[in-house]
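In the text below, chain A, chain B and the rest are named by the order of the sequence lines, each starting its count at 1.
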Number of protein chains: 2
Amino acid sequence: MIDQLVKEIKAKKAPIVVGLDPMLSYVPGQIQKKAFVEFGETLEGAAEAIWEFNKGIIDATYDLIPAVKPQIAMYEQFGVPGLAAYERTVSYCQSKGLVVVGDIKRGDIGSTSAAYAAGHMGRVKVGSREYTGFHEDFCTLNPYMGSDSINPFLKVCKEEKKGVFILVKTSNPSSGEFQDRLIDGRPLYEHVGEMVNEWGKDFVGECGYSYVGSVVGATYPEQGRILRAIMPKSFILVPGYGAQGGKGEDLVDFFDADGLGALVNSSRGIICAYQKEAYEKFGAENFGDASRQAVLDMLADINGALEKAK
Amino acid sequence: MIDQLVKEIKAKKAPIVVGLDPMLSYVPGQIQKKAFVEFGETLEGAAEAIWEFNKGIIDATYDLIPAVKPQIAMYEQFGVPGLAAYERTVSYCQSKGLVVVGDIKRGDIGSTSAAYAAGHMGRVKVGSREYTGFHEDFCTLNPYMGSDSINPFLKVCKEEKKGVFILVKTSNPSSGEFQDRLIDGRPLYEHVGEMVNEWGKDFVGECGYSYVGSVVGATYPEQGRILRAIMPKSFILVPGYGAQGGKGEDLVDFFDADGLGALVNSSRGIICAYQKEAYEKFGAENFGDASRQAVLDMLADINGALEKAK
């Protein structure tokens, strides 16, 4: 799957991923209204509204982007119907040829991590049959519990040709409370980065990158430079572009010299584009066109910065 | 909710929680068969089987125990139908007067953590109405991302009178890879413990304990003793009893002098009791009775150890 991701990034000249993180307040009024007429102001109605919103954005952008990253929390907040909309979104994106990164940040021990891995990227046995629950292509993972929590996912990745992105240095302001604390003179995130490199070394695809990727926030470019060197084979998923403050020029050091090795995420900057002054001319009816223009502008920003850095 | 938990622990003389972590292989054949006849060998069939299994265990033990801890991964592996069975289990346990600790180990930043908090312990707005998605009473959380990931949950806890248990030192063998690393001469888990104490200091209930609890593995009794002192107001959820190797006598130091302050979890030891030699006389038909006896034996072990330590 890392090979497919890299192939798509190259073909579309787009080292980016669109975060499908729908709050109900992001969904244009006409879509909410239609969903509530059909399902009432219920969890089912909310799930229908976010699904229709996602579909509009995917239909307007799928030819420009290699991947999407639905944030499962935004679906989980609507309970079981919300998670059905999550699964429907994953399926639809895959039918459009997109690589799906499930932003689930799971992490647990042994058999429990194996259950998460089976449900999200592998197969679960029911009697004589097998099923795939949420069938994402990649998942994000939390490393706090160590190898026991990661290995069950790596096993499934190997079997199913899938991949993971492990949290190393997150984009939020308080990420330093634990991640920046010094251990043997170096911050915790560097030690986690070394483990990511170690976990991934037997999982390198034909593209030269490992199935075991990492997450490093766009808001910490200096750390990105250091971690790029510590984890030479790891693809870095970079959240925090746009709404959280990261810009194209800050992100150059997350990439390798050939312009690969990083995947920059934007969520609100793309999916809420129609609500922003820069794109308000599109109007709520044409929210998909606004998102498309925001993707084009993001690509110009990032590819321009990479070009300039050559 | 911490007050209700403590009240129930005192009333039932039971500082324990039963982990409802059903694998399909734990479910007696007759229950699986019945579910598959009705729903086929499908995810819905699996979900029905684990729900019926849970119900049998709850019905046989609810009068002995204050709380249950369903591990959401075991439901999530069966996709959307599995999560419907999770919600049904939470509701049923609450109808029986049990406190429900959702073992979800979530953790994300700002608005995303707020979405998890709304979906699991708070309310989500849909138009003019409000809904509760999974409505657990407590949830477990992962601290790797720092305060940004915890605060949205604390806000919901305050509004809804609920609580959290934050991972400090987990029970698994590799928990030390990051958690034991020394920062300023002390392991990371002690620093996390200090933060738990800090996060919880404004959330102390009438019982004297905070809404902000912690997770410390039964497999690390020495660390339990130290952390008990670092987090004097924090209730400690203690996994790892039984199947993972922890025994009653090892757990005394997780408790305060009055026998409160800790909640010991057993999952497989209780729910799979009928599959163990010690309880096989009950037979698969009477798996609930086997679980009941295993609860009584666990209570005797832990209360005996606490009595002896007085």
Side-chain angles (χ1 to χ4, degrees), chain A residues 21 23-24 32 36 41-43 45-46 71 73-74 76-80 82-84 87 105-113 115-116 118-119 124-129 131 133-134 142-149 167 170-179 181-183 188 191-192 195, chain B residues 21 23-24 32 36 41-43 45-46 71 73-74 76-80 82-84 87 105-113 115-116 118-119 124-129 131 133-134 142-149 167 170-179 181-183 188 191-192 195:
Chain A
D21 307 355
M23 297 292 285
L24 212 40
Q32 290 195 44
F36 293 162
E41 289 182 346
T42 59
L43 293 176
Q71 165 53 261
M74 297 305 177
E76 210 164 305
Q77 69 181 323
F78 298 113
V80 172
L83 285 154
E87 191 280 328
K105 296 189 179 69
R106 301 299 193 251
D108 212 298
I109 67 173
S111 59
T112 307
S113 228
Y116 277 133
V124 67
K125 240 188 141 161
V126 181
S128 59
R129 304 184 61 179
Y131 293 91
F134 293 103
N142 186 310
Y144 188 67
M145 301 174 89
S147 299
D148 299 335
S149 67
L167 300 185
T170 58
S171 62
N172 55 312
S174 78
S175 70
E177 284 175 7
F178 302 122
Q179 297 166 25
R181 299 302 299 269
L182 296 182
I183 294 164
L188 172 59
H191 295 274
V192 177
M195 284 296 284
Chain B
D21 308 354
M23 295 293 285
L24 213 40
Q32 290 195 45
F36 293 162
E41 288 182 346
T42 60
L43 293 176
Q71 165 53 260
M74 297 305 178
E76 212 164 305
Q77 69 181 324
F78 297 113
V80 172
L83 286 155
E87 191 280 328
K105 296 189 180 68
R106 301 300 192 250
D108 211 299
I109 67 173
S111 58
T112 307
S113 228
Y116 276 132
V124 67
K125 238 186 143 163
V126 181
S128 59
R129 305 184 62 180
Y131 293 91
F134 293 104
N142 186 309
Y144 187 67
M145 301 175 88
S147 298
D148 299 335
S149 68
L167 301 185
T170 57
S171 61
N172 54 312
S174 78
S175 71
E177 283 175 7
F178 302 122
Q179 296 166 27
R181 299 302 299 268
L182 296 183
I183 294 165
L188 173 59
H191 295 273
V192 177
M195 285 295 285

Considering only heavy atoms and a distance below 4.5 Å, find which of A/Arg181, A/His191, A/Arg129, A/Lys125 pairs most often with chain B.
A/Arg181
For chain B, find which of A/Gly45, A/Gly176, A/Gly146, A/Ser171 contributes the most heavy-atom pairs closer than 4.5 angstrom.
A/Gly146
Whatever's closer than 4.5 Å to a heavy atom in chain B on A/Gln71 counts as side chain
So which of A/Ala118, A/Pro143, A/Gly82 has the largest heavy-atom pair count under 4.5 angstrom toward chain B?
A/Pro143
Got a sec, which residues hit side-chain contact (heavy atoms from CB on, under 4.5 Å) with B/Ser113, two or more places apart in sequence or on another chain?
B/Ser149, B/Pro152, B/Phe153
Is there side-chain contact between B/Asn142 and A/Lys105, with at least one heavy-atom pair below 4.5 Å?
no
So which of A/Met195, A/Met23, A/Arg106 has the largest heavy-atom pair count under 4.5 angstrom toward chain B?
A/Arg106
Which one of B/Gly133, B/Pro173, B/Gly79, B/Ala73 has the most heavy-atom pairs closer than 4.5 Å to chain A?
B/Ala73
Determine yes or no for a side-chain-to-main-chain donor-acceptor pair under 3.5 angstrom, with B/Glu41 supplying the side chain and A/Ser128 the backbone.
yes
Of all heavy-atom pairs linking A/Leu83 and B/Leu83, the shortest is CD1-CD1, 3.5 Å
Please classify the contact between A/Tyr144 and chain B as side chain, backbone, both or neither, with a heavy-atom cut-off of under 4.5 Å.
both
Report the residues that fulfil side-chain hydrogen bond (donor to acceptor under 3.5 Å, both in side chains) with A/Thr170, sequence neighbours left out, ordered by chain and then residue number.
A/Asn172, A/Gln179
A/Ala115, A/Gly119, A/Ser175: which one forms the most heavy-atom pairs within less than 4.5 Å of chain B?
A/Ala115
Top residue by heavy-atom pair count (under 4.5 Å) with chain B, among A/Asp21, A/Leu167, A/Thr42?
A/Thr42
With a 4.5 angstrom heavy-atom cut-off, could you sort out which part of A/Leu43 is near chain B: side chain, backbone, both or neither?
both
Counting only non-hydrogen atoms closer than 4.5 Å, does B/Leu24 touch chain A with its backbone (N, CA, C, O), its side chain (CB onward), both, or neither?
side chain
Honestly, the part of A/Phe134 sitting under 4.5 Å from a heavy atom of chain B is side chain
Here the gap from B/Leu188 atom CG to A/Phe178 atom CZ, rounded to the nearest 0.5 Å, amounts to 7.0 Å
So does B/Asp148 get a backbone contact from the side chain of A/Ser174, meaning a donor-acceptor N/O pair under 3.5 Å?
yes
Region of A/Glu177 in contact with chain B, defined by heavy-atom distances below 4.5 Å
side chain
Which atoms of B/Phe36 come close to chain A, meaning under 4.5 Å heavy atom to heavy atom: side chain ones, backbone ones, both, or neither?
side chain
